[in-house]
Amino acid sequence: MARKLAIGSRKGLILYVADGDGWRYDGVRFRGTPVSMVMQDRRDGSLYAALDYGHFGPKLQRSDDSGATWQEVTPPAFPKSDEKDAPSVLNIWALEAAGNDMPGTIWAGTVPAGIFRSDDQGMSWKMNEPFMALPERSQWGGAGNETPALSSMAIHPEDSRKMAVSISAGGVWQTGDGGKSWRNTSKGLWAAYMPPDQAENPNVQDVHQMRCSPTEPNRLYIQHHNAVFTSDDGGETWQEISKAFGFAVAVHPKNPLTAWFVPGEKDEYRLPKDETFCVSKTTDGGKSFLQITKSLPVKPAFDLVLRHAMDVDQGGEKLAFGSTTGNLWTSFDGGEGWQLLSGHLPPVYCVRMLE
C-alpha cells in the first residue's frame, strides 16, 4: 500500500504522507524548480527526481531515505559533438527501474527521444546507440514539442531485456535483447491528424502514454492522440477501444483488464470535452467504460491531466491524479469516487504513489 504521494510540479516536488484514511502534506523539495518525472526503485527503495532547469538543462537527484535528503547524480546526456545539429537533452520524460534480473539498472527516456541506461543508480549513463541509429527517426515528429520525445517505457516484469517504448510522435518500439536491436510494433494504431494514405504509418503515431499490466505483461494500454488502444499480445498489435483524446493511463496492478483514463478534447482545445470533467474506467479490457464524475468538478471545468500525472498504488484501490490548473484528486475505492486533496498547487506534471 502506498505510504507517500509524490507530485512533480512546476514549482517543486510536493510530498504527502499517508495519514489514516487520507493524506497529510509533507512539504516541498526543490522549491521553485520544475520537476518533470519521479520514480521509485522498489528493489532498493531509492527515489529519483528529474529537475528541469530550462536553459541550463535537466538535473537528476536521488534520495535513499524516502525523500528526506537528496544527492545530485549524473543526468543522462548525448555525447558531445561539434556538429551543428547535435542533440542535447532538454528534459527527462521517463524513468524506469529494471527487474531483479538486472540489479542496479535503471533506464531513462528523454526529449529529444533518446534512451539511456545506468547500472550504478544514476551515477553514470550510457546512450543506447542502436536506438539513435534507427533510420525511421527521420519520419518522427514533435507533438507539443519541437522534437520527438520518448513518452513512456514498459519493461517486462520477468525479463528486463524485453522493453517497449513509445515516441510522441514516432510509434511503439520494442527490444528483446536489452536494446541491441529495435523494431516498430505499431500495427493497429492510426493517426487522424495525417492524410488518409499515411494514417497507419507506424512511424508517425503520437503515443501520449503506454502502460503495461504488472501481472500480465502481454496486456498493454495506450492513450494515443486520437484514441485509446489495447494489446493482448505483448504490444505486437493494437486494437482501438475508444476514440477519446487524453494523456494519462493507469493500469490495475493485479487485474490486467482494469485501467483508468482521463478523456479530453484534442488539438487546439486540450480541455475536458464540453467542459465536463470525468475519469473513464474499464474493467473488461476496453469492451465497456464507466464515466465517473462523483465529486469531480461540475461544468464548466478546464482541467487537463498530463501524461505522467496519474498513478495507482500496488493494491489497486488508491489512485491520484493532478491537473494543469493545480488541482489534486485522490481515490480510495478504485477510482469510483474522488476527493479533492488540494486546489491550490502549481501545474502538475507527474504523480507517483510511493511504497
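Below, each value reflects all heavy atoms present in this structure, side chains not excepted, and no hydrogens, waters or symmetry copies.
- A donor atom on one side chain and an acceptor atom on the other are found under 3.5 Å apart for Ser166 and Ser151.
- Connection of Val28 to Leu5 is established within a shared hydrophobic cluster, with ILVMFWY side chains joined at heavy-atom distances below 4.5 Å, either directly or through further cluster members.
- Classification of Arg3 and Glu355 as a salt-bridged pair fails, no side-chain N sitting under 4.0 Å from a carboxylate O.
- Partners of Tyr349 according to the ring-ring contact (aromatic ring centres under 6.0 Å, His included) rule, which considers only residues two or more places apart in sequence or in another chain, do not exist here.
- Ring-plane geometry between Tyr25 and Tyr16 is classed as perpendicular, the angle between the planes exceeding 60 degrees on a 0 to 90 degree scale with a lower cut at 30.
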TODO: Check the pair Phe116, Phe78 against ring pair (Phe, Tyr, Trp, His ring centres under 6.0 Å), reporting the backbone distance first and the verdict last.
DONE: CA-CA 9 Å; Phe116 297 82; Phe78 293 108; 5.3 Å; yes
TODO: Go through the steps to decide whether Ser331 and Asp333 satisfy the test side-chain hydrogen bond (donor to acceptor under 3.5 Å, both in side chains), and finish with yes or no.
DONE: CA-CA 6 Å; Ser331 173; Asp333 59 2; 2.8 Å; yes
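- Using modelled atom types and a 3.5 Å distance limit, the side chains of Ser124 and Thr74 yield no donor-acceptor pair.
- Note on ring orientation: taking the six-membered ring where Trp is involved, the planes of Phe30 and Trp70 are perpendicular (angle over 60°, cut-offs 30° and 60°).
- In summary, Lys254 and Glu216 do not engage in a salt bridge, as defined by a charged side-chain N under 4.0 Å from a carboxylate O.
- Between the side chains of Thr230 and Asp232, no donor N or O sits under 3.5 Å from an acceptor N or O.
- At least one test fails for Lys4 against the ring of Trp23: distance under 6.0 Å to the centre or angle within 45° of the axis.
- A salt bridge between Arg29 and Asp26 is present, with a side-chain N of the basic residue lying under 4.0 Å from a carboxylate O of the acidic one.
- Judged by distance alone, the side chains of Trp182 and Asn128 do bring a donor and an acceptor atom under 3.5 Å apart.
- A distance-only check finds a donor-acceptor pair linking the side chain of Trp260 to the backbone of Gly334 [under 3.5 Å].
- Under the 30°/60° scheme for interplanar angles, the aromatic rings of Trp140 and Phe131 are found to be tilted.
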Open item on the list: For Ser36 and Asn91: C-alpha separation, side-chain torsions, deciding distance, then whether side-chain hydrogen bond (donor to acceptor under 3.5 Å, both in side chains) applies.
Closed with: CA-CA 7 Å; Ser36 62; Asn91 216 331; 3.0 Å; yes
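- Salt bridge annotation for Arg62-Glu72: absent, with no cationic side-chain nitrogen under 4.0 angstrom from a carboxylate oxygen.
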